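Working notes, structure below.
The chains referred to below are lettered A, B, ... by the order of the sequence lines, with proteins before strands, and numbering in each begins at 1. Quantities reported herein were computed from a predicted structural model and do not represent experimental measurements.
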There are 2 protein chains.
Amino acid sequence: MNKQKNLTLADVAQAAGVSTATISRVINGTPNKVSDTTRERILKLVAELDYQPMQIGRALSRMESATVALLTPDTRNAFYASIADGLEQAITATGKAMVLGHTREDPVLQDRHLAQMQSHGVAGIAMLGAVPSPGLSKAVARELPIVFVNRKCPYGAGSAFVGIDNYRAGGDVAGHFLERNYDPVAVIHGPLNSSASLERYEGFRDVIESAGHSLSERFVIHGGLTIESGYRATRDLLDHDEHPRAIFCANDAVAYGAHHRCGELGLASPERIALFGFDDNPLNKWLAPWLSTVAVPCTDIGTRVAELFLGGPVPPRQYLLPYELKIRRSA
Amino acid sequence: MNKQKNLTLADVAQAAGVSTATISRVINGTPNKVSDTTRERILKLVAELDYQPMQIGRALSRMESATVALLTPDTRNAFYASIADGLEQAITATGKAMVLGHTREDPVLQDRHLAQMQSHGVAGIAMLGAVPSPGLSKAVARELPIVFVNRKCPYGAGSAFVGIDNYRAGGDVAGHFLERNYDPVAVIHGPLNSSASLERYEGFRDVIESAGHSLSERFVIHGGLTIESGYRATRDLLDHDEHPRAIFCANDAVAYGAHHRCGELGLASPERIALFGFDDNPLNKWLAPWLSTVAVPCTDIGTRVAELFLGGPVPPRQYLLPYELKIRRSA
DNA sequence: CTGAAAGCGCTTACAG
DNA sequence: CTGAAAGCGCTTACAG
């Protein structure tokens, strides 16, 4: 990419009067291969010349580029952005670069990115909010180093996962609703091909029902994960005479949309309709400090994911991080 | 990155009974080099085998990887995220991948990313909200293919730029304030090493002053570009007996923070203190539909930047895109 | 502890 | 229109 050519390993080797192998070993810190004196001499020279190895050559010889891919469903959601942020920091700290793909919950786009990332030889792929897709199924079968974030792998439980116990968290929200005697309750859940959305819904429903209450079909709304879809779902939900006393929203963005619609109907108060979100979106602090929600440790997630990519093959570990119910004014 | 090895050009060549050169030419569509019959036969074979060239090999031979870097100051700001989004779409459409670096307005971080991107051999670098830094100065001198987005290059006017005429836009906001007879007016401006912030401020000030009004020093506040810094700046600004009648904020995030503080003081109405933002952040629609602001065409920006990277060397063009004053309730 | 050399997967000037 | 071969910058098994 440069007008004036970059320095190569060969240039440095020549300047130092040694072989390229030796320079390479010094640069990479290969142990027990280079004498201390040579090492120091070369390190000084490398610093003087400000030599930076070209990752392109290294990638070809290692058959792996110094990059990690992040596929994310929605770049504008501040919660996802925070996860991306934490991951980027952790990745960068290891000297790798982060490649970003935007999947928009679309299997076709996801597969396109998946294929591209593979052809780029990325060292790992973090799937934030994966959707089922043929390419993903194939990638999992090939045992590519994939870590699933927030949503579990749609194909078997053998894949690495970093997130929270959504089933339990959904149940906890239901428990809180019961404690407050909110009745009847409604839930606006996200796409059910997402383990996160499904488990939150199931956990919520199971606790409500095991307490002897029932969750009326009319009060279970299928929605998306954006402010807009939260608005629409709430419009549908409240387009009847009978209103729920409380709504468990798929995430905070949905809760923002729900609040908006409740406001239009003059129902935007905890005394009329209580709202519960999910994620503890960083925007809450400024824009919805009243929103009760489930705090997910989004910055830790990135660190954990990066950890999984560190030592060679990705262990099929499941990191379940702690979450926390934040009870605020809205519920 | 795979367990089972990927197909290589050599594999396909063997299967087709031709040389790797021929396959390469077919894949790349090199004109006037392959007979139509051979081409078709090979294209079919490639499709059958589902062969994807490894970018790693291509990168080394071309001395450039099929990636474009985006350096952004703040991943959580929805306005920047929209620009990143538009760019990602345009980049992906050309078959390239986008590498993302988060600079946090920090020259050291920016230089680290800049060095990393160069060593990765990216085909181009989009600098969203660049800050002055030694590495950037060097990169510009070496004529790397850099496009400055939103903020102009801090080192000379020869670099490619995509954004709006911030000076004029700042003046337009001042014009609106004068028309409404807001007096006195205040401005919370962003970092003055950013051409965008500086020019907005200067344009605003020049119009105010050329109308015979003066901009009191106490009403010119230096701030950052986040909600939090907007909150703090407004706290300082309003910590006196004399309040401004209107505030021109560095961007919408700052305006959110300003609104928050005004609310705490019971001044959050256009009749008490009018607020003007900048960007038309996508969040406005849902969270601050009352905010008057300057709409910047953030999705177009990405497309333009990608265009600049397309045909080889980056022309030192300046794309000044149209902006639009959105007058809403807040001012 | 050090080096000569093969090799990673592609592209392309050159020869035919 | 096609192919043999050199080359991109690095890594690493092998030999010494």
Between [X] ([atom1]) and [N] ([atom2]), how many Å, whole number?
X: Gln55(B); N: dC8(C); atom1: CD; atom2: P; value: 19 Å
X: Ile56(A); N: dT11(C); atom1: CD1; atom2: P; value: 13 Å
X: Asn28(A); N: dA13(D); atom1: CG; atom2: P; value: 13 Å
X: Asp36(A); N: dC1(C); atom1: CG; atom2: P; value: 7 Å
X: Ile27(B); N: dT11(C); atom1: CD1; atom2: P; value: 8 Å
X: Ile23(A); N: dA4(C); atom1: CD1; atom2: P; value: 13 Å
X: Met54(B); N: dG7(C); atom1: CE; atom2: P; value: 18 Å
X: Glu64(B); N: dC10(C); atom1: CD; atom2: P; value: 17 Å

Under 4.0 Å between a side-chain N or O of [X] and OP1 or OP2 of [N]?
X: Arg62(B); N: dT11(C); result: yes
X: Arg58(A); N: dG9(D); result: no
X: Tyr51(A); N: dG9(D); result: no
X: Ser35(A); N: dC1(C); result: no

task = Can you tell me, in whole Å, how much space there is between the C1' of dG16(D) and that of dT12(D)?
result = 16 Å
Requested in this report: Taking atom P in both dT2(C) and dA6(C), compute the distance separating them and give it to the nearest angstrom.
Outcome: 23 Å
All stems that DNA chain C takes part in, i.e. 3 or more consecutive Watson-Crick or G-U pairs with distances under 3.5 Å, are C:1-3 with D:14-16, C:5-12 with D:5-12, C:14-16 with D:1-3
Using a heavy-atom cut-off of under 4.0 Å over every strand shown, decide if [X] touches base, sugar-phosphate, or nothing.
X: Ser24(B); answer: base
X: Thr22(A); answer: sugar-phosphate
X: Leu9(A); answer: base

Considering only NZ, NE, NH1 and NH2 on the basic side and carboxylate oxygens on the acidic side, decide whether Glu105(B) and Arg151(B) come within less than 4.0 Å. yes
Going by an N to O cut-off under 4.0 Å, is there a salt bridge joining Arg104(A) and Asp85(B)?
yes
From [options], nucleotide with atom closest to [X] side chain:
X: Thr38(A); options: dC8(D), dC1(C), dC10(D); answer: dC1(C)
X: Met63(A); options: dT11(C), dG9(C), dC1(D); answer: dG9(C)
X: Thr20(B); options: dC8(C), dT11(C), dG3(C); answer: dT11(C)

From the list Thr103(A), Val149(A), Leu87(A), side chain to side chain contact (heavy atoms under 4.5 Å, CB included) with Leu128(A) holds only for Val149(A)
Distances under 3.5 Å between nitrogen or oxygen atoms of protein and nucleotides 14-16 of chain C:
none

Flag for Thr72(A)-Thr75(A): side-chain donor and acceptor within less than 3.5 Å
no
- Query: For Ser133(A) and Gln110(A), does a side-chain donor sit closer than 3.5 Å to a side-chain acceptor?
  - Reply: yes
| task | May I have the step-by-step check of side-chain contact (heavy atoms from CB on, under 4.5 Å) for Ser82(A) and Arg76(B), ending in yes or no? | result | CA-CA 7 Å; Ser82(A) 290; Arg76(B) 297 191 204 174; 3.4 Å; yes
Check the pair Tyr319(A) / Glu307(A) against side-chain contact (heavy atoms from CB on, under 4.5 Å), numbers first and verdict last. CA-CA 11 Å; Tyr319(A) 276 118; Glu307(A) 251 174 53; 3.1 Å; yes
Minimal heavy-atom distance between Tyr51(A) and Val12(A), with the atoms involved, is CG-CG2, 3.6 Å
Value for CD (Gln318(B)) from SG (Cys153(B)), rounded to nearest 0.5 Å, stands at 9.5 Å
Exercise. Could you give me the CA-CA distance, side-chain angles and deciding distance for Tyr80(A) and Leu225(A), then say whether side-chain contact (heavy atoms from CB on, under 4.5 Å) is met?
Key: CA-CA 11 Å; Tyr80(A) 290 138; Leu225(A) 294 167; 4.0 Å; yes
